[in-house]
Amino acid sequence: MLIDPRTPVIVGVGQVSDSIDEPDYQRMSSVDLAAEASRRAIADAGADLSRVAASIDLIAGVRQFEISGPMPAPLGRSDNYPRSVAQRLGIEPARAVLEVVGGQGPQRLITEFAGAIAAGGLDVALVMGSDAISTERYFVRRDDRPDFTETAAGSLEDRGFGYELFIDENLVEHAVMGAPTQYGLLENARRARLGADRDDYRRQMAQLFAPFTAVAAKNPLAATPMVRTVDELATVTAGNRMICDPFPRLLVARDLVNLGAAALVMSLATARGLGVPAERMVFLRGHADLREQPLLERPDLGAAPTAWTAAREALRVAGIGLDDIATFDLYSCFPVAVSNFCDGTGLTGDDPRGLTLTGGLPFFGGPGNNYSMHAIADTVERMRESPGAFGLVGANGGIMSKYSVGVYSTAPADWAADRSAELQHAVTAAPAVTARRRAATAGAAVAAWIETYTVRHAFEPRTAVIVGRSHADGSRFLATMPPEDLGAADPIGRDIIVTSSEQGNTAVLAS
């Protein structure tokens with residue numbers, strides 16, 4: 001079969017861990033981790049190291065947590081993350097890119113630059129990311145803390161934080177900031193749709209994630225390589241305390257990790273010219289990237305249809321169906337991110353193919369925005385082991401706000417464009433719920449009901465956050481209330497009275 005020489009191929013992947021609990025712990029910075037993962041990706045191509053490294057036209061960094069906001073990094077940081085990594089590698093790519101915040105970043109960047117390679121605007125791209133969150137938190141108050149401050153010369157295409165796509169003043173004002181709070185609202189909305197009580201639903205979440213622990217237990221890079229039972233995951237104890245309703249600690253992403261991962265993408269012609277063995281080449285056979293409606297405008301807060309729409313489009317581009325997929329790795333920061341994908345595609349949690357290759361974010365670890373680079377690396381390696389098979393990576397970002405899908409295989413095919421732009425227009429034009437920042441005018445009160453809620457158990461101030469719906473016009477709003485005022489019964493569906501001020505909306509249960 002003749003393949004267009006401009007067709008992009010992934011030729012190398014690399015992963016590294018610097019666990020603070022291991023005897024060979026090296027106190028690596030985020031730059032160190034990304035550089036080492038990149039070295040491994042370059043070596044993984046199976047060709048002359050110096051020639052492969054020198055061929056890199058572009059280096060792109062997934063934005064790590066320490067540079068994902070305007071706050072200072074606790075141990076210092078590079079002023080040009082991609083260029084600092086390039087310096088470690090001894091290369092000077094023409095372009096350096098720093099991606100926006102979000103777990104979709106690794107897959108979205110690979111899709112973007114693979115498309116640029118196919119179009120002839122690029123030959124070789126190195127996409128990498130890392131986070132040293134465990135090291136940062138351990139040393140931040142110690143006298144012997146390392147200083148990771150560094151300067152790197154050279155251009156940088158900084159795409160900004162990108163929070164405007166999923167965070168606004170309304171959410172900040174009502175304490176909808178941390179991921180557990182945000183996803184708690186989504187998870188309880190899905191529970192309400194299914195009609196499950198709180199205990200039953202927590203067990204359903206545990207049943208979904210228990211198989212992930214068995215995968216993590218076999219992964220040498222996993223943060224917690226331990227098999228856990230459904231009962232262990234579902235039972236609230238001192239060691240599995242509630243974080244935000246409905247999540248105990250073991251069902252949320254574990255960010256106390258030091259991990260890096262990278263992937264090397266180039267044109268087929270370049271790969272052949274560098275002597276990359278054919279068996280190292282993996283094709284991005286399908287791809288799609290979509291953005292969901294703004295949080296409060298979604299008809300169903302417990303669903304994000306763009307995830308399964310992106311999956312269907314990626315499969316269409318690949319020319320296969322879901323039954324043809326041999327491996328999955330679905331972004332698993334919280335159970336709803338996985339169950340949402342399953343709800344729309346027909347997958348089930350007990351699918352014999354499994355839903356993760358790494359072990360998932362709560363058990364393998366959640367290295368900031370770069371988790372899915374590890375999923376891509378594992379998928380590439382698995383595809384090499386099973387020539388002709390197909391593997392799917394689903395990467396989620398924001399408050400189930402952005403979803404990127406990649407379908408990988410050694411089976412060759414020319415690059416095919418996706419219809420993401422066309423599909424995005426349909427998302428924008430879809431029916432939306434009217435959302436209001438202020439539920440009531442000053443001095444007035446509004447009768448409403450609770451659509452979903454969460455309680456911030458592990459955060460100060462300890463607050464109940466609700467999404468309410470007005471009885472008068474069905475409009476949706478955020479509000480806060482003291483958690484003890486929710487009562488012991490399930491609050492979803494209960495009537496409330498809401499007042500508004502410059503500080504936001506406040507709710508009380510209707511008598």
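All values below come from the heavy atoms of this structure, side chains included, with hydrogens, waters and symmetry mates left out. Starting from 1, each residue takes its place in the sequence as its number. A quick note: this is a predicted structure, and the numbers were derived from the prediction, not measured.
- Ring-plane geometry between Tyr183 and Phe334 is classed as parallel, the angle between the planes falling under 30 degrees on a 0 to 90 degree scale with a further cut at 60.
- Side-chain atoms of Thr434 do not come within 3.5 Å of backbone N or O of Ser475 as any donor-acceptor pair.
- For Ile20 against Thr135, the heavy-atom pair with the smallest separation is CD1-CA, 4.5 Å.
- Side-chain contact between Ile466 and Thr452: absent, with no pair of heavy atoms (C-beta onward) separated by less than 4.5 Å.
- For the residue pair Arg83 / Ser155, a side-chain donor-acceptor distance below 3.5 Å is found, with atom types taken as modelled.
- At distances below 3.5 Å, at least one donor-acceptor pair connects side-chain atoms of Arg63 with backbone N or O atoms of Gly160.
- Between Val498 and Ala448 the shortest heavy-atom distance is CG2-CB, 4.4 Å.
- Taking a cutoff of 4.0 Å between a charged side-chain nitrogen and a carboxylate oxygen, Arg77 and Glu66 do not qualify as a salt bridge.
- Within a 6.0 Å sphere centred on CZ of Arg141, other residues, nucleotides and ligands contribute 12 heavy atoms or fewer.
- Taking 4.5 Å as the limit, some side-chain heavy atom of Tyr408 sits within range of a side-chain heavy atom of Ile376.
- Annotation: side chain of Asp245 is in contact with side chain of Asn188 (closest heavy-atom distance under 4.5 Å).
- The closest side-chain donor-acceptor pair between Tyr403 and Arg291, if any, does not fall under 3.5 angstrom.
- The main-chain N or O of Ala216 is never found under 3.5 Å from a side-chain atom of Asn219 such that the two would form a donor-acceptor pair.
- Contact check on Arg193 versus Asp300 returns a salt bridge, with a Lys/Arg side-chain nitrogen under 4.0 Å from an Asp/Glu carboxylate oxygen.
- Classified by interplanar angle (parallel below 30°, tilted 30° to 60°, perpendicular above 60°), the ring pair Tyr163/Phe161 is tilted.
- Taking all atoms of both residues into account, the shortest heavy-atom contact from Leu322 to Arg353 is O-NH1, 2.9 Å.
- At a threshold of 4.5 Å between non-hydrogen side-chain atoms, the residues Arg298 and Glu292 count as touching.
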Note to self: Before you tell me yes or no, could you show the steps for Asn80 and Ser78 under side-chain hydrogen bond (donor to acceptor under 3.5 Å, both in side chains), namely the whole-Å CA-CA distance, both residues' side-chain angles and the distance that decides it to 0.1 Å?
What the structure shows: CA-CA 5 Å; Asn80 190 331; Ser78 167; 5.9 Å; no
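- Between the Thr454 side chain and the Val465 main chain, no donor and acceptor come within less than 3.5 Å of each other.
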Item checked: side-chain contact (heavy atoms from CB on, under 4.5 Å) evaluation trace for Val455 with Thr463 -> CA-CA 6 Å; Val455 175; Thr463 306; over 6 Å; no
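- Although no hydrogens or angles enter the test, the distance criterion places a donor-acceptor pair under 3.5 Å between the side chain of Glu313 and the main chain of Arg419.
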Notebook entry, point to check: Can Asp343 and Arg190 be said to form a salt bridge (Lys or Arg N to Asp or Glu O under 4.0 Å), step by step?
Noted result: CA-CA 10 Å; Asp343 289 344; Arg190 180 175 182 271; 2.8 Å; yes
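- Under the 4.5 Å side-chain criterion, counting only non-hydrogen atoms from C-beta, Ser17 is not in contact with Asn258.
- For the atom pair CZ of Phe209 and CG of Leu361, the computed distance is 8.0 Å after rounding to the nearest 0.5 Å.
- Other residues, nucleotides and ligands place more than 12 heavy atoms under 6.0 Å from the CD atom of Glu164.
- In this structure, the side chains of Pro248 and Arg202 come closer than 4.5 Å at one or more pairs of heavy atoms.
- Arg436 pairs with exactly one of Asp473, Val446, Asn170 by the side-chain contact (heavy atoms from CB on, under 4.5 Å) rule, that one being Asp473.
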Note to self: Between Asp329 and Tyr371, is the side-chain hydrogen bond (donor to acceptor under 3.5 Å, both in side chains) condition met? List the steps.
What the structure shows: CA-CA 11 Å; Asp329 194 281; Tyr371 165 79; 2.7 Å; yes
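- When atom types are taken as modelled, the side chain of Thr345 and the backbone of Trp308 share no donor-acceptor pair closer than 3.5 angstrom.
- A donor and an acceptor atom, one from each side chain of Gln15 and Asp378, are located under 3.5 Å apart.
- Atoms CZ and CG, on Arg108 and Leu290 in that order, are 12.0 Å from each other to the nearest 0.5 Å.
- The backbone N or O of Ala375 sits nowhere less than 3.5 Å from a side-chain atom of Ser372 that would complete a donor-acceptor pair.
- Summarising the geometry of Asn369 relative to Gly102, their closest heavy-atom pair is OD1-N, 3.1 Å, with the distance given to 0.1 Å.
- By the 4.5 Å heavy-atom criterion applied to side chains, Ile67 and Leu98 are counted as neighbours.
- Shown here for Pro82 and Ile59, the closest heavy-atom pair between the two residues is O-CD1, 3.5 Å.
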Item checked: Trace of the side-chain hydrogen bond (donor to acceptor under 3.5 Å, both in side chains) decision for Asp495 with His471 -> CA-CA 9 Å; Asp495 286 339; His471 279 306; 2.9 Å; yes
Check: Going through the checks in order, is the salt bridge (Lys or Arg N to Asp or Glu O under 4.0 Å) test met by Asp490 and Arg191?
Finding: CA-CA 11 Å; Asp490 186 352; Arg191 175 176 69 80; 2.7 Å; yes
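- A donor-acceptor contact shorter than 3.5 Å links the side chain of Asn240 to the backbone of Leu233.
- A pairwise comparison of heavy atoms in Val257 and Ala223 identifies CG1-CB, 3.6 Å as the closest pair.
- No side-chain donor-acceptor contact under 3.5 Å links Gln107 to the backbone of Gln104.
- Considering CD of Gln503 and CD of Glu173, their distance stands at 8.0 Å, rounded to 0.5 Å.
- Between Asp231 and Arg203 there is a salt bridge, since at least one side-chain N of the basic residue sits less than 4.0 Å from a carboxylate O of the acidic one.
- No more than 12 heavy atoms of other residues, nucleotides or ligands sit less than 6.0 Å from atom CD of Glu502.
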Note to self: Before you tell me yes or no, could you show the steps for Arg437 and Glu169 under salt bridge (Lys or Arg N to Asp or Glu O under 4.0 Å), namely the whole-Å CA-CA distance, both residues' side-chain angles and the distance that decides it to 0.1 Å?
What the structure shows: CA-CA 9 Å; Arg437 184 171 179 180; Glu169 291 182 1; 3.1 Å; yes
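- Phe328 places none of its side-chain heavy atoms less than 4.5 Å from the side chain of Thr356.
- Without hydrogens or angle criteria, Ser500 side chain to Ala440 main chain gives a donor-acceptor distance under 3.5 Å.
- Separation of atoms CZ (Arg476) and CD (Glu297) is listed at 9.0 Å; rounding is to 0.5 Å.
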